[in-house]
Amino acid sequence: MDELPRNNRPLGRSLDPLPEESLGGYLLRLAHRLRLSPIRLARLTGIKRPAESVLGRQLLLDLDIDRFARATRLTEDETAGLTFLPWQDRYPPIARALTALDRRGTREDWLFNDFPRYCTQCLADDSGAWKTAWHLPIAFACPIHEVFLKHGCPQPHELQRTLPHLIAQAADGSLDPAQCRFPVPSDGPNPVRGKGRTGRSCGARLEWSPAGPSRPSASMLKIQRDLLDLLGPGRPAEESSSRFTDLRVVTSLLCTTWPKSWDMLDPRAREAVDEHVQSLGAGGKPAFDRPPRDAIASAGLLTAASTLLDASDLDEVLAQHTRESWDGRPSRTPWTQVFDRHRASCSERMQQAAAPSTRSYRRTSPRGTRVPDRTDGYRPENVPALLERDWFDKHLAPLEPGSYAKSMRRLGAVLLVQWAAGGAMGDAADYLGINPKGGQYTTTAGLHRWLDQGSKDFTRALHNLAHDLDAAAAPINYRRRREALHRWALTRDTWQEMTDRLPAVPGHIQPNLDDRKRQEASAFVWAQVTHGEPLFAPRPIEAEQPEGLRRSWLDQRSSTWAKLARPGRIHHFTALRGLLLQHAEQLIRKIDSV
């Protein structure tokens, strides 16, 4: 903005701001006292150029604090308190609007109400303050007078859907702060219309607006007080920010699953919410991330959303709403798209609870991108390619997966990496080295059916495992182990030294100790060190063999693995297994000490 003219001095008279007063309300009161139009006052205070005739809501974000404070004899803190600036760390839409490259071109539905809301009794008081919070979609009731906020005017007006003005008809200086500034109504046989921005205003007394048919319930008023408290300094900013985002996302869920959510709403708000949801789907692609224009609909949705968020079984409630309203993949639901846009601002509890409802356990795209669900605690390198057996026994075995245990251990590892690193499940499987040809990490048909019935328990158990990893004092770097053994196999010398220590086997039939056995023994050691599966071990010895011989080795592979894993009474394999485990421990000490 250009520098103030030389004759721009502090106003001869000013006013102290009222508690919770907005910039628009302050300008209306001061302009009325000085017998000026609000736009004239804005020019005198230097926040508008002489040629400008509109006072937009954007002033709540980009007011020149220093200039306005000097002109009105206010402190900078008092001036900032008239705007959204004190809430930028608490209400995410404000922060996004402030950081946008083009603020005026930014579309943020939850930043402003379509029309200003107000409490008639607050305006009728001697103070007559228009409050800053009334601009926000989360303000729907007056906790002092315990009434729903009104919007619009008692008189009919032909208006656009959104009124982007801080003060409509700002050039009209004949009204006091409680009078309607919408253009003159155009009804009647000879309507008188306001001419542009300088035309006549309606002038109806807003404090005389008739009372609504109902009053907020006790639960609505409690939620309203809680929401307003989140804007204040008494609550941690991060907690406030995530709560507002959680409410926004769940409100979208209630709208996209309507009328399944009918019973969750206060009866006095159902009709208003129904009208709101109908308006969301009118005229094109539904916009389920838009707050209601009507305060009663806002009260119903935000109260229901708050109740849902506080449920002890939040993950199950979210999953139930999704299942009952959507037949396709969970990751394609309309509310999932809203959740994905705001995931980073949600609370950790919401992120974890929404996981089974917003994604499927099958890969939906080769390289779909997804932000990490967890940004603190364990890292991807702390996850083995196959969940360690004791982890599985503690957290997942009680779910009784039966024959799906190995697939569940593999899938659990993939999801843990995805939660920590983001990206697609295929990316996580590639990271773990278990997806050389694609698809090995995916669930079997049987496990997928099991997950459809028990995904809530599976996700909860996996989150409990994740918390254990977070608390680990010295987490293992499994990725370092995999990299150290990337092309590894037992050398012939090491194999010879090891087999020389095996006890003699009586009889003329002696165990085979050839290169095939060396390869499978190497895969066994690799799996012990990396906590992976022999299936994905490097096979440099096998790679050197002719194709026909490789096929022959493949036929005998599983038998050798089974005997090394569970030798039973086969003394040769018992002794060999012991030597291989000793060698694995030596490798672990060597790799982990780096």
Side-chain angles (χ1 to χ4, degrees), residues 84 87-100 106-114 117 133-141 162 220 223-224 226-231 235-258 261 264-265 269 272-273 276-277 279-281 285-311 314-315 317-318 321-322 325 333-355 357-358 371 373:
F84 281 168
W87 300 336
Q88 59 184 303
D89 295 332
R90 300 178 174 277
Y91 194 69
I94 296 175
R96 281 192 289 272
L98 288 172
T99 56
T106 301
R107 175 65 176 173
E108 175 48 73
D109 288 314
W110 281 75
L111 183 56
F112 294 109
N113 287 315
D114 284 350
R117 292 177 182 169
W134 292 349
H135 285 283
L136 298 177
I138 55 94
F140 54 79
T162 301
M220 289 176 174
I223 295 302
Q224 181 64 97
D226 289 345
L227 295 179
L228 295 177
D229 286 346
L230 290 173
L231 296 173
R235 303 284 285 273
E238 184 177 356
E239 175 187 327
S240 298
S241 177
S242 60
R243 182 67 174 187
F244 281 127
T245 305
D246 290 353
L247 286 167
R248 175 178 188 167
V249 169
V250 173
T251 296
S252 170
L253 171 65
L254 296 175
C255 290
T256 57
T257 60
W258 188 262
S261 51
M264 296 188 64
L265 268 72
V273 171
H276 167 63
V277 174
S279 72
L280 294 178
K285 185 177 180 180
F288 291 111
D289 192 25
R290 200 169 64 205
R293 170 184 292 184
D294 183 79
I296 297 178
S298 296
L301 285 171
L302 288 169
T303 301
S306 184
T307 301
L308 189 153
L309 278 172
D310 293 336
L314 177 59
D315 48 359
V317 174
L318 296 177
H321 273 269
T322 303
S325 62
T333 62
W335 92 272
T336 294
Q337 299 173 32
V338 177
F339 173 73
D340 282 343
R341 283 198 299 272
H342 303 288
R343 177 196 304 269
S345 300
C346 288
S347 66
E348 181 179 348
R349 179 172 181 264
M350 180 65 185
Q351 292 181 27
Q352 295 179 5
S357 302
T358 57
V371 298
D373 290 342

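This one's a predicted model, so the numbers in the text were calculated from it and none came from an experiment.
- Within the 4.5 Å cutoff, the side chain of F84 has heavy atoms near those of the F112 side chain.
- Annotation: the span from S261 atom OG to L308 atom CG amounts to 9.5 Å, rounded to 0.5 Å.
- The structure places CG of L228 at 5.5 Å from CD1 of I138, a figure rounded to the nearest 0.5 Å.
- Considering every non-hydrogen atom in both F140 and A299, the closest pair reads CD1-CB, 3.3 Å.
- At a threshold of 4.5 Å between non-hydrogen side-chain atoms, the residues S306 and D226 do not count as touching.
- Between C255 and V277, the shortest heavy-atom distance links the atoms O-CG1, 3.9 Å.
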### Message
Using the rule given for side chain to side chain contact (heavy atoms under 4.5 Å, CB included), can you reason through F339 versus L318, listing the C-alpha separation, both sets of side-chain angles and the distance that settles it, and then say yes or no?
### Response
CA-CA 12 Å; F339 173 73; L318 296 177; over 6 Å; no
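- Between D294 and H276 there is no side-chain heavy-atom pair separated by less than 4.5 Å.
- Residue F244 comes nearest to L227 through the heavy atom pair CZ-O, 3.5 Å, listed as atom of the first residue, atom of the second, then distance.
- Judged as a salt bridge (Lys or Arg N to Asp or Glu O under 4.0 Å), and not counting sequence neighbours, D229 has no contacts.
- Between the side chain of W110 and the main chain of D289, a donor-acceptor pair closer than 3.5 Å is present.
- Counting only distance, with no hydrogens or angles, the side chain of Q351 and the backbone of R343 share a donor-acceptor pair below 3.5 Å.
- By the 4.5 Å heavy-atom criterion applied to side chains, T256 and L280 are not counted as neighbours.
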### Task
Kindly determine whether E108 and R248 satisfy salt bridge (charged side-chain N to carboxylate O under 4.0 Å, His left out), including the steps that lead there.
CA-CA 12 Å; E108 175 48 73; R248 175 178 188 167; 2.8 Å; yes
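- Within the 4.5 Å cutoff, the side chain of S240 has no heavy atoms near those of the Y91 side chain.
- The shortest heavy-atom contact between S241 and P92 is OG-CG, 3.2 Å.
- With a 6.0 Å radius and a threshold of 12 heavy atoms from other residues, nucleotides or ligands, E238 has its CD atom at or below the threshold.
- Side chains of R243 and M350 form no contact here, defined as non-hydrogen atoms less than 4.5 Å apart.
- The side-chain heavy atoms of L136 and L231, taken from C-beta on, include a pair separated by under 4.5 Å.
- Listed by chain and residue number, nothing satisfies the salt bridge (Lys or Arg N to Asp or Glu O under 4.0 Å) test with R349 (two or more places apart in sequence, or in another chain).
- Note that CD of Q224 and CE of M220 are 11.0 Å apart. Values are rounded to the nearest 0.5 Å.
- Here the side chains of R290 and S279 are in contact, with some heavy-atom distance below 4.5 Å.
- A donor-acceptor distance shorter than 3.5 angstrom exists from the side chain of T251 to the backbone of L247, with no hydrogens or angles considered.
- Checking side-chain atoms of N113 against main-chain N and O of R293 turns up no donor-acceptor pair under 3.5 Å.
- A distance of 14.0 Å separates NE2 of H342 from OG of S242, quoted to the nearest 0.5 Å.
- Checked by atom type and distance alone, the side chain of T257 pairs as donor or acceptor with a backbone atom of L253 at under 3.5 Å.
- Between the side chains of D246 and S347, at least one donor N or O lies within less than 3.5 Å of an accepting N or O.
- Taken to the nearest 0.5 Å, the SG atom of C346 stands 9.0 Å off from the CG atom of L309.
- Shortest non-hydrogen contact noted between P137 and L302 is O-CD1, 4.0 Å.
- Nearest heavy atom pair, residue V273 against residue A297, reads CG2-O, 3.7 Å.
- To the nearest 0.5 Å, atoms CG (D89) and CD1 (I94) are separated by 10.0 Å.
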